[in-house]
Protein chains: 2
Amino acid sequence: MQTNMQSNPQAAPAELEFWFDFGSNYSYLSVMRIEQLARQAGVTVLWRPFVLGPIFKAMGWDNSPFVLQKAKGNYMWRDMARQCDKYGVPWRQPSEFPRHSLLPVRVALYGEREPWIAEFCRRVMLRNFSADLDINAADSVAAVLLQLGLDAAAIIDAAQADANKLRLKERTVRATSLGIFGAPTCFVGDEMYWGNDRLDDAVERARRAGESA
Amino acid sequence: MQTNMQSNPQAAPAELEFWFDFGSNYSYLSVMRIEQLARQAGVTVLWRPFVLGPIFKAMGWDNSPFVLQKAKGNYMWRDMARQCDKYGVPWRQPSEFPRHSLLPVRVALYGEREPWIAEFCRRVMLRNFSADLDINAADSVAAVLLQLGLDAAAIIDAAQADANKLRLKERTVRATSLGIFGAPTCFVGDEMYWGNDRLDDAVERARRAGESA
């Protein structure tokens with residue numbers, strides 16, 4: 001109700017910030033699932049592509065914890081196979097992990113408010129975690145954009161322009177200031193949800209926030 | 001069917017190995033939930049108390065990752081409050097974390113096949129994560145055993161005997177050889193499930209293994 005919204009500073013629109021990295025396997029699961037979940041709940045997804053590398057570096061790691069911690073990494077591959085099976089998401093263990101993703105993340109950042117963002121992200125993720133293909137080369141990214149009927153050359157140029165590169169740096173600073181330490185991470189207002197295992201809880205909270213608004 | 005079981009080397013009884021540490025907050029959630037889940041599924045829980053400390057040390061950590069990684073630790077406390085609320089488990093953030101738990105883990109190891117093991121574990125966990133009390137002093141452990149109507153002095157003596165101390169060392173070796181890197185961790189046969197977030201999947205797999213046996 002209008003009056004409620006005005007009188008209640010806690011009220012919020014049904015929105016969810018969705019932070020993800022194209023190299024992150026658990027981000028893959030959430031990228032594949034989020035649009036349908038959010039639509040069913042009447043929740044708007046605010047796409048927040050970012051890169052985990054600088055976050056990990058600041059924690060003293062020069063690679064993914066799944067590479068640095070061998071036992072955890074071994075487990076993760078088994079868990080991924082089971083989780084993809086559970087959610088009906090295609091899966092092939094990538095021959096390279098984690099894959100570099102600077103160019104697709106810049107494109108996603110450039111297009112994060114465009115109607116093609118969700119489908120672009122799913123297709124990049126499927127290249128990585130189902131087709132086992134490079135996702136960082138210009139022709140890899142162009143191939144995805146062309147599949148969507150977009151002007152690949154113009155979008156890649158804009159994504160690599162200085163203004164957009166700077167935006168990605170600012171996004172890393174923002175991720176750090178929000179306390180993000182992994183991906184995927186969702187925010188509903190100040191409430192943080194880490195991991196594909198909390199995606200449903202995050203969507204549910206956003207739905208309720210919308211109801212009370 | 002008997003013939004099936006004999007002809008199928010995959011068949012297994014409906015059993016689940018449950019590895020947990022009394023200092024581990026996500027182990028707390030699983031200790032509180034597992035007996036009811038397993039009973040509903042007709043699954044037998046094989047209790048596997050152990051200590052994470054030596055596992056973390058072998059990974060190069062001198063403390064819990066929730067202490068060493070501040071952003072992750074901050075998040076974890078918020079997540080715990082929400083998870084306890086979700087599962088209807090009492091919660092107070094401990095003033096000391098992670099608490100030392102050598103004595104209760106020795107007692108649990110000594111009694112892991114006893115009928116009081118599940119209730120003992122729940123009461124030790126509730127001391128830590130709901131009452132915010134020490135769990136490692138002899139009188140703390142004795143208080144729990146006495147609540148269960150047991151001979152606290154005799155059990156604590158047996159738990160601290162050399163044979164039982166040696167068993168705990170062997171258990172750490174076993175945990176390492178199984179690839180355990182955190183707690184709680186469940187096994188159904190060779191299939192590993194890490195975290196309270198996978199407890200239901202583990203119980204379900206054990207249930208199905210029992211059906212096919």
About how many Å separate CG of Asn74(B) and CZ of Phe181(A), when rounded to the nearest 0.5 Å? 9.5 Å

If I take atom CZ from residue Arg78(B) and atom CD from residue Glu191(A), how far apart are they, to the nearest 0.5 angstrom? 4.0 Å

Can you tell which part of Lys70(A) gets under 4.5 Å to a heavy atom of chain B, answering side chain, backbone, both or neither? neither

Below 4.5 Å from any heavy atom of chain B, which atoms of Asp197(A) appear? Answer side chain, backbone, both or neither. side chain

For the residue pair Ala71(A) and Gly179(B), what are the closest heavy atoms and their distance? CB-O, 3.7 Å

Pairwise side-chain contact, [X] with [Y], heavy-atom cut-off 4.5 Å (strictly under):
X: Asp201(B); Y: Gln83(A); result: yes
X: Met192(B); Y: Asp79(A); result: no
X: Trp194(B); Y: Met76(A); result: no
X: Gln69(A); Y: Trp61(B); result: yes

Quick check: are there more than 12 heavy atoms from other residues, nucleotides or ligands sitting under 6.0 Å from NZ of Lys165(B)? yes

Quick one: is the NZ or CZ of Arg82(A) closer than 6.0 Å to the six-membered ring centre of Tyr193(B), and within 45° of its axis? yes

